[in-house]
Amino acid sequence: MALSENKQKALRGELHHAFVPELLAERRKCSQATSRYNNAGAVGSDITRRRQVELWRDIVGDTTPLPPKAPSEQEDECLFEEDPWVEAPVRIDYGTNVVLGQNVFINFNCTIVDTCAVTIGSRTLIAPNVSIYSGLHPLDPVLRNGTKGPEAGKPVSVGEDCWIGGNAIILPGVTVGKGAVVGAGSVVTKDVSQYTVVAGNPARVIRSIEPGEHAAGYNRSVDVTESERPA
């Protein structure tokens, strides 16, 4: 089905109206899908990995067929080891504008406002209470006009192999480069170069990272230190 002009403007990040039947219906559909996901993944639930992946794909509109079920539960879980792992609860506006790479981990209480595309690269780790915003409102209050006025957006891209610390906020239009680390509680207002550590409000460069500098002597059977343990 052809997209309306208003929807096309939304995807391009241009001024558009969000409180119209078309976009209200899309957000309502995503809200229902995230509610099913969150309820199924509540503490104490016995949801299978297969069902979790199925419910997540429903949120993001991924219609890829699930593979045939394996003989055992453990073998079946292995079929989805490359799929993203998202801990409930999660809040998302549209869902269909969210793209996650392989082996992404998102901890609980993540909020994604996906007015425009939000892309998270493979093997990236996101700690609890992280917020990613791609939606914008006009600064002029007359134009902004509450729910009757227009809004806009800018895409957000988080590269591969990043680590986003707890309670961090990533604002519209930001690109976080490959292998970067964002410190807990940071507000990221500008692009982050690859292989750097940023922290603060606004986030500033703290140090650079040399890829592989600690990997040579790593033994998978030995626990990592607390300072290097992903949240």
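The distance from the OG1 atom of Thr189 to the CZ atom of Arg204 is 8.5 Å, given to the nearest 0.5 Å. Summarising the geometry, atom CD1 belonging to Ile92 is positioned 10.5 Å from atom CG belonging to Asn97; distances are rounded to the nearest 0.5 Å. Summarising the geometry, atom NZ belonging to Lys69 is positioned 6.5 Å from atom OG1 belonging to Thr48; distances are rounded to the nearest 0.5 Å. In this structure, OG in Ser4 is found 11.5 Å from NE2 in His17, a value given to the nearest 0.5 Å. Here Arg51 contributes atom CZ and Asp46 contributes atom CG; the two are 12.0 Å apart, rounded to the nearest 0.5 Å.
Minimum heavy-atom separation, Gly173 to Asp191: O-OD1, 3.6 Å. Summarising the geometry of Cys162 relative to Thr124, their closest heavy-atom pair is N-OG1, 3.0 Å, with the distance given to 0.1 Å. Closest non-hydrogen pair, Gly135 versus Thr115, comes out as CA-OG1, 3.5 Å. The two residues Pro138 and Pro150 make their nearest non-hydrogen contact at CD-O, 3.2 Å. The heavy-atom pair separating Ile209 from Gly179 by the smallest distance is CD1-O, 3.5 Å. Across Leu79 and Pro68, no two heavy atoms sit closer than the pair CD1-O, 3.5 Å.
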I'd like to know whether Tyr133 forms a side-chain contact (heavy atoms from CB on, under 4.5 Å) with Ile169, so could you lay out the CA-CA distance, the side-chain angles of the two residues, the decisive distance to 0.1 Å, and finally the verdict.
CA-CA 8 Å; Tyr133 304 137; Ile169 298 173; 3.7 Å; yes
Val182 and Val158: CA distance, side-chain angles, deciding distance, side-chain contact (heavy atoms from CB on, under 4.5 Å) verdict:
CA-CA 11 Å; Val182 175; Val158 179; over 6 Å; no
Quick one, Val188 with Leu171, criterion side-chain contact (heavy atoms from CB on, under 4.5 Å). Give me CA distance, side-chain angles, the key distance, then yes/no.
CA-CA 6 Å; Val188 186; Leu171 296 185; over 6 Å; no
Pair Asn107, Val130 - check side-chain contact (heavy atoms from CB on, under 4.5 Å), show working.
CA-CA 8 Å; Asn107 219 325; Val130 168; over 6 Å; no
Just do the salt bridge (Lys or Arg N to Asp or Glu O under 4.0 Å) check on Glu54 and Arg50 with the steps written out, would you?
CA-CA 6 Å; Glu54 182 180 33; Arg50 171 177 289 269; over 6 Å; no
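Side-chain contact between Arg49 and Asp76 is absent, with no heavy atoms from C-beta onward closer than 4.5 Å. Between Pro89 and Asn109 the shortest side-chain heavy-atom distance falls below 4.5 Å. Looking only at side-chain heavy atoms (C-beta outward), Cys30 and Ile59 come within less than 4.5 Å of each other. Counting only heavy atoms from C-beta outward, the side chains of Lys178 and Tyr195 approach each other to under 4.5 Å. The side-chain heavy atoms of Val118 and Ile170, taken from C-beta on, include no pair separated by under 4.5 Å. Using a 4.5 Å heavy-atom cutoff, the side chains of Glu160 and Gln102 are not in contact. Put simply, the side chain of Asp58 does not reach to within 4.5 Å of the side chain of Tyr37, judged on heavy atoms. Taking 4.5 Å as the limit, some side-chain heavy atom of Asn103 sits within range of a side-chain heavy atom of Glu82.
The backbone N or O of Gly200 lies less than 3.5 Å from a partner atom in the side chain of Ser186, making a donor-acceptor pair. Remark: side-chain polar atoms of Gln52 are not paired, donor with acceptor, to backbone N or O of Ile47 under 3.5 angstrom. In terms of modelled atom types and a separation under 3.5 Å, the side chain of Ser31 and the main chain of Arg27 share no donor-acceptor contact. Panel note: side chain Asp93, backbone Asp114; no donor-acceptor pair is recorded below 3.5 Å. Although no hydrogens or angles enter the test, the distance criterion places no donor-acceptor pair under 3.5 Å between the side chain of His137 and the main chain of Ala152.
Under a cut-off of 6.0 angstrom, the local environment of NZ in Lys7 is crowded, with over 12 non-hydrogen atoms contributed by other residues, nucleotides or ligands. The number of heavy-atom neighbours closer than 6.0 Å to CD of Glu5, taken from other residues, nucleotides and ligands shown, is 12 or below. Heavy atoms from other residues, nucleotides or ligands lying under 6.0 Å from CZ of Arg91 number 12 at most.
Under a hydrophobic-cluster definition in which Ile, Leu, Val, Met, Phe, Trp and Tyr are linked whenever side-chain heavy atoms come within less than 4.5 Å, directly or via other members, Leu100 and Ile164 are assigned to the same cluster. Criterion: ILVMFWY side-chain heavy atoms under 4.5 Å apart, direct or through other members. Under it, Phe105 and Val181 are part of a common hydrophobic cluster. Ile106 and Tyr94 fall into different hydrophobic clusters, where Ile, Leu, Val, Met, Phe, Trp and Tyr are joined by side-chain heavy atoms under 4.5 Å apart, directly or via other members. Following chains of ILVMFWY side-chain contacts shorter than 4.5 Å, one cannot reach Val113 starting from Val156, and the two form parts of different hydrophobic clusters. Criterion: ILVMFWY side-chain heavy atoms under 4.5 Å apart, direct or through other members. Under it, Val99 and Val86 are not part of a common hydrophobic cluster.
Ion pair Asp83/Arg57 flagged as a salt bridge, since at least one NZ, NE, NH1 or NH2 atom sits closer than 4.0 Å to an Asp/Glu carboxylate oxygen.
In the model, Thr64 has a side-chain atom that pairs as donor or acceptor with a side-chain atom of Asp62 under 3.5 Å.
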